2 protein chains.
Amino acid sequence: MNSTIKDVAYKANVSIATVSLVTNNGGRISQETRRRVLKTIKKLDYHPSRSARGLASRKTGKIGFILTEEHFLRTEPFYSRVFLGAEFEASKKDNYVLLATVNSSFKKNDPLPRFVLERNYDGVVIAGRVPDELLNALLKYKMPIVIIDYIPHMQDFPSILIDNLRGGMLATEYLINNGHKNIAFVGGEISHPSIMERLQGYKLALDRANINNGNGLVVTNDEYLSRQNGYKSAEILFNRKKNVTAIFASNNATSIGVMQYLKDNNLNIPDDISLIGFDDVEADMLIDPPLTTIRVPKLEMGTEAVQLLRNIIKTESTTSKKIIVPIELIVRKSVKKLNI
Amino acid sequence: MNSTIKDVAYKANVSIATVSLVTNNGGRISQETRRRVLKTIKKLDYHPSRSARGLASRKTGKIGFILTEEHFLRTEPFYSRVFLGAEFEASKKDNYVLLATVNSSFKKNDPLPRFVLERNYDGVVIAGRVPDELLNALLKYKMPIVIIDYIPHMQDFPSILIDNLRGGMLATEYLINNGHKNIAFVGGEISHPSIMERLQGYKLALDRANINNGNGLVVTNDEYLSRQNGYKSAEILFNRKKNVTAIFASNNATSIGVMQYLKDNNLNIPDDISLIGFDDVEADMLIDPPLTTIRVPKLEMGTEAVQLLRNIIKTESTTSKKIIVPIELIVRKSVKKLNI
DNA sequence: TATTATCGGTTAAACGTTTAACTAGAATTA
DNA sequence: TAATTCTAGTTAAACGTTTAACCGATAATA
């Protein structure tokens, strides 16, 4: 059987409480005693029982990680990576991450993840856009929540966000610097705050460069999902405007849809049309040509979320601090330099 | 605060033990009492505390799910889906799944997942090929193990396997039925038992059809990984044989590598070369033409694994039962019918 | 009728921690 | 010197279950 705190206490000639204080880095314990206890712990290969800890401390050591099914299953492993970052950070300290998916169209009385119902968690990280109904349901449990990559309008939450505005600017500026003027902004659910911000960045960059081409160049779309969305939006764009030379696709799935449309219509990238994406996911051999894009630090978002959550849990603070992670332009081969 | 078993017992006018027996479907409780208790539980929205349960019963309710980092991060979300299946099944009963990744080249003294060290799990599911060192390390903990999609040679484990042999045959037969004779088997780490089996299926199908083209048509490769592997193997193949009309690529990543090679060498699919894959992952718009393949039921593998594991835990059996999940031929557009 | 089983529970110990309250002795202060 | 504060721990209750052992009442058996 496993050794318990009792064994350690006995061997190290101290009380149970002392051992507990040592393992929790708390209390007033002398260097000498601490060392002795630690040594005994090593020798006995003692690991505190999570269950007993949880019972006594009313902390479970568990962090929930909620994703919509749609996000988890999508082909681009965007949120998988965010999760991995969270797992990584959690395992560095002493937390377990419980991954749970919820229905993408969560309704008021749908079942919540089991760890929530059983109150078997200390806090929860939510990745990506989720329905307000879910947030409302979670709020009732009065547990800390950190949201990644989404800003609900219902209320303020501590969150980890992408620097979408700057990303939108960076992408657009890159196109401008390559001599493009007729730059379209395509796709994405415009109702999503992140997409909105990227669009702002796009507009800002154009304004700064004194480029004004009217409104026909912005095509968004709330009707279709991911790739479909890009395909349909590109279709709408080209039925409307013929003189586009560059497209800023608002996320990676959209870019792929756009590429598909261009291919189907015999438009070459980058010779006929330049394309820049957002949300870099794994350089993918099959994407041809390699896509110039704005990279989002996915792992980092996960680790930041767990750190923030842990902080909130520990300090019982109620701030809704926001952390904005930096983005980065990755130049590949989908943008052509125009002769000016 | 949350209601506890005490509250329920008090309200329902029974002892604590009775409530416990009801929630665990054990013991001899009358219909009448059971109903009353259940009703009270509903009314008070009572959920047993996992920690207390774990402490008292010496069962954690937690199942580990171990993946190598390489498998988790690879672009094709194969194991993500297996995981989702596991999660789904676990949540139907009363288990939590703890996802952990280990280094792909796990060494003897590398750190094990934390839940293992803390013995904070009732059993573990391992998905995909892992180093023997990891298995050896886990074996020391004497906890039930179920392995998905891999057969270690060191010893027998209960496992969930793909019907690779039949898959290999099915794929090859399909090519034969479409008039192909010069059929190559390409790629994959031949040291992987699954790839080996697929190769057996391939050979069996050729034998049955009385096709014998010598050995030059089989190219495997332990040097490169996934897509690279397919690319390089195709290269070797075509440097060796010129008259190939069809290729059976031993997994999806390999197929993609092969496609890339063909593209780079101006060979059209399916007009010049027919191609069939294995391990269907999400129909991907960008794969052109759509790939005919052998589909593996990923979600099902996850659910089966959890069921099997749960069974082993409950009955404390030590069998190494194996479950083979069926595969399925998915016809798309990468195979051409030859005129015979 | 006396004995034994069965039914439907109850009692109470045990699980392994955390932590508030306490204490003995040493150091500091008045 | 006497009173006070610090230091480095200890004591013991509490956390919310499970489960082996027990028990009283009723039914079955000899």
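As the structure is a prediction and not an experimental result, all values here were calculated from the model. Just so we're on the same page: letters track the sequence lines, and every chain starts at 1.
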Nucleotide nearest [X] (side chain, heavy atoms from C-beta), chosen from [options]:
| X | options | answer |
| --- | --- | --- |
| B:Thr18 | D:dG9, C:dT10, C:dC15 | C:dT10 |
| A:Pro48 | C:dG16, C:dT17, D:dT10 | C:dT17 |
| B:Ser15 | D:dG16, C:dT19, C:dT11 | C:dT11 |
| B:Ala56 | D:dT19, D:dG9, D:dG16 | D:dG16 |

Hey, what do you get for [atom1] ([X]) to [atom2] ([Y]), rounding to the nearest 0.5 Å?
| X | Y | atom1 | atom2 | value |
| --- | --- | --- | --- | --- |
| A:Asn109 | A:Glu133 | CG | CD | 10.5 Å |
| B:Leu21 | B:Ile16 | CG | CD1 | 12.0 Å |
| B:Phe88 | A:Thr101 | CZ | OG1 | 9.0 Å |
| B:Thr23 | B:Ile41 | OG1 | CD1 | 6.0 Å |

**Q.** Touch class at under 4.0 angstrom, heavy-atom based, for A:Val14 against every strand present
**A.**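 Result for A:Val14 = sugar-phosphate.
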Q. With sugar-phosphate meaning primed atoms plus P, OP1 and OP2, does B:Ser49 contact a base, only sugar-phosphate, or nothing at under 4.0 Å between heavy atoms?
A.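 B:Ser49: backbone/sugar contact only, no base atoms under 4.0 Å.
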(Q) Angle between ring planes, A:His71 versus A:Tyr79, binned at 30° and 60°: parallel, tilted or perpendicular? (A) tilted
Q) How are the rings of A:Phe65 and A:Phe83 set relative to one another: parallel (under 30°), tilted (30 to 60°) or perpendicular (over 60°)? A)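 A:Phe65 vs A:Phe83 ring planes: perpendicular.
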Q) Given that A:Ile29 and B:Ala52 both sit by DNA chain D, which one's nearest nucleotide is further toward the 5' end? A)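 Looking at DNA chain D, the more 5' nearest nucleotide goes with A:Ile29.
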Q) Hey, which of these two, B:Ala17 or B:Ser51, hits DNA chain D nearer its 5' end, going by closest nucleotide? A) B:Ser51
Is there a side-chain contact between [X] and the phosphate of [N], meaning an N or O under 4.0 Å from OP1 or OP2?
| X | N | result |
| --- | --- | --- |
| B:Thr4 | D:dC15 | no |
| B:Arg53 | D:dT18 | yes |
| B:Ser30 | C:dG9 | yes |

Q.
For B:Leu55 and B:Asn13, find the nucleotide of DNA chain C closest to each by heavy atoms; which residue's nucleotide sits nearer the 5' end?
A. B:Asn13
Q: Between B:Ser57 and B:Ile16, just flag the one whose closest nucleotide in DNA chain C comes earlier from the 5' side.
A: B:Ile16
Q) Mind checking what makes ring-ring contact (aromatic ring centres under 6.0 Å, His included) contact with A:Tyr150, not counting sequence neighbours? A) A:His192
Find every protein N or O atom lying less than 3.5 Å from an N or O atom of nucleotides 22-25 of chain C, and list the pairs.
none

Would you mind reading off the distance between [X] atom [atom1] and [N] atom [atom2], rounded to a whole angstrom?
| X | N | atom1 | atom2 | value |
| --- | --- | --- | --- | --- |
| B:Lys59 | D:dT19 | NZ | P | 9 Å |
| B:Ile5 | D:dT19 | CD1 | P | 11 Å |
| A:Arg34 | D:dA8 | CZ | C1' | 11 Å |
| B:Glu32 | C:dC7 | CD | P | 18 Å |
| B:His47 | D:dC15 | NE2 | P | 20 Å |
| B:Arg58 | C:dA14 | CZ | P | 11 Å |
| A:Tyr10 | D:dT10 | OH | P | 15 Å |
| B:Arg119 | C:dG16 | CZ | P | 13 Å |

Q: Please report the closest heavy-atom contact between A:Leu309 and A:Gly123, naming both atoms and the distance.
A: CD2-C, 3.7 Å
**Q.** Identified side chain to side chain contact (heavy atoms under 4.5 Å, CB included) partner of A:Val306 from the options A:Val146, A:Ile63, A:Asn311
**A.**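 In the set A:Val146, A:Ile63, A:Asn311, the residue that makes a side chain to side chain contact (heavy atoms under 4.5 Å, CB included) with A:Val306 is A:Ile63.
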**Q.** A:Asp149 side chain vs A:Leu161 backbone, donor-acceptor pair below 3.5 Å
**A.**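 Answer holds: no.
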Q.
Treating B:Asp163 as the side-chain partner and B:Val325 as the backbone partner, does any N or O pair qualify as donor plus acceptor under 3.5 Å?
A.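 No, B:Asp163 side chain to B:Val325 backbone: no donor-acceptor pair under 3.5 Å.
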**Q.** Five-pair end axes of the helix from C:dT1-D:dA30 to C:dA30-D:dT1, angle between them (10°)
**A.** 40°
